[in-house]
Amino acid sequence: MWDPEKEQMPASQLRKEQSGNLKALIRRVYDRVPFYREKMNLHGITPDDINCIEDISRLPFTSKHEMRNVYPYGLLAVDRKEIVEVHTSSGTTGKPVVDAYTRNDIELWAEVMARTLGMGNVNSTDTVQNAFGYGMFTGGLGVHYGAHRIGATVLPASSGNSKKQLQLMQDFGTTVITCTPSYCLYLAEFAKDQGIDISKLGLKTGFFGAEPWSDKMRLDIQHKLGIKAFDIYGLTEIIGPGVAAECCEADGLHFFEDHFFPEIIDPETGAALPDGEKGELVITTLTKEGSPVIRYRTRDITYLIPEKCHCGRTMRRIHRLFGRNDDMMIIRGVNVFPSQIEELLLCIEGVEPHYQIVVDRKGMLDTMEVHVEVNETIFSDEIRKLEHLEKTIASEIHNALGIHVLIKLVEPRSIARSEGKAKRVIDNRNLIIEARK
Ligand code: DLL
């Protein structure tokens, strides 16, 4: 454990720290950030109303839409000259959101990322090959700072260039790999093509995140690379990676709630949901200085696990992410997450972990087609067998989700690979989804 004192803090002490930090945060943003002051005034709340962590539910939410509206520096709670680094989201669906870090924020980031890597016992003898993208994306530098803090040797490989990735692994004896889970699988496939057995290169551990991935996909990664795979969660709006991470029990991600306070709400009504109930994750940055965020609606769907973990850490856990409610497809009235489809697909013999879901509307009816890659052996089977497999997959999905989908088996390697986040869904319906704003 990287910081046993913090990570095993008794709940009462944690609540006390959270309460003190929330109170100080609200006073700070009220005094310094017009955006928050105006919102609080509108809700008739003053800093004096916030005295303990439970009072957090009195505060208004912050949405992505609002954060974009104040691009680039509308959330700054310090003087601009205190900012030492800036990251942004990709901005593919609108203006990017900005995370502005003070020197202390960078220290905090290094600390929570050291905790994250500490979940897999990374230490100064390790060589961490960081294949998350470096740049405005938070993955690259976030992992980098954490690995430095631990004293491991970092190979700042960044994403892509698979040939070079394999060369680095061989030359420098990489023990830890970090990247998106979809890129990791691609790398395994690429290694195989090159005649390299990636499971024999001495890798021990991998940290994967930035996109949803199922337990089946984890097993596949572990098997193909011969490593233990950890799920790590984070988002630009909050700090980047380092918000929550899985321990060796692999039963939920410990939320670093001394710095980031989690709540689960009903996405429709905004009402708080009890532990164990699935809903939208809302996060408040309790200690960040540069661009603090209050009750940020992440759109990510999960639930809180309050039970004590066998690893000894006391911080509450969230279940692995089910997906985002803006990725949730409503197909003829049924809510479907890509992760549910993935989970089903990967249970079927011969199916590869590469798929794409194409949603369309024919007349008034939603249609869903799933393009599924199969392995070479299956693909060279006779047509009759392929048709049988298509039917099997369609009926598995129908049994589990109650919707009819068209399955199209496609050639091995025909679905585009990504070096970063995989694109799983193509929605051709042109629906205007409120949540996307
Ligand atoms: O993806 C930060 C990150 C980098 C996390 C490296 C983990 C590793 P954004 O680009 O702002 O930041 O995207 C954040 O990605 O709201 C989730 O929807 C999704 N996401 C991140 N981690 C996971 C995960 C980074 N472990 C958005 N499982 C989040 C599922 C994840 N979804």
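In this chain, numbering begins with 1 at the start of the sequence shown. Just so you know, ligand 1 is whichever comes first in the structure, and atom 1 is the first atom listed for that ligand.
Looking at H371 and E369, their side chains do bring a donor and an acceptor atom within 3.5 Å of each other. Between the side chains of D360 and T367, no donor N or O sits under 3.5 Å from an acceptor N or O.
In this pair, H319 and F322 present their aromatic rings parallel. The plane angle is below 30°, not in the 30 to 60° band. Ring-plane geometry between Y233 and F255 is classed as tilted, the angle between the planes lying from 30 to 60 degrees on a 0 to 90 degree scale.
Counting heavy atoms from C-beta on, the side chains of M67 and L75 come closer than 4.5 Å.
For ligand 1, the 4.0 Å heavy-atom shell contains residues F132, F137, T138, G139, G209, A210, E211, P212, D231, I232, Y233, G234, L235, T236, P241, D300, L321, R324, K421.
Annotation for H223: atom NE2 does not count as buried by contact number, only 12 or fewer foreign heavy atoms lying within 6.0 Å.
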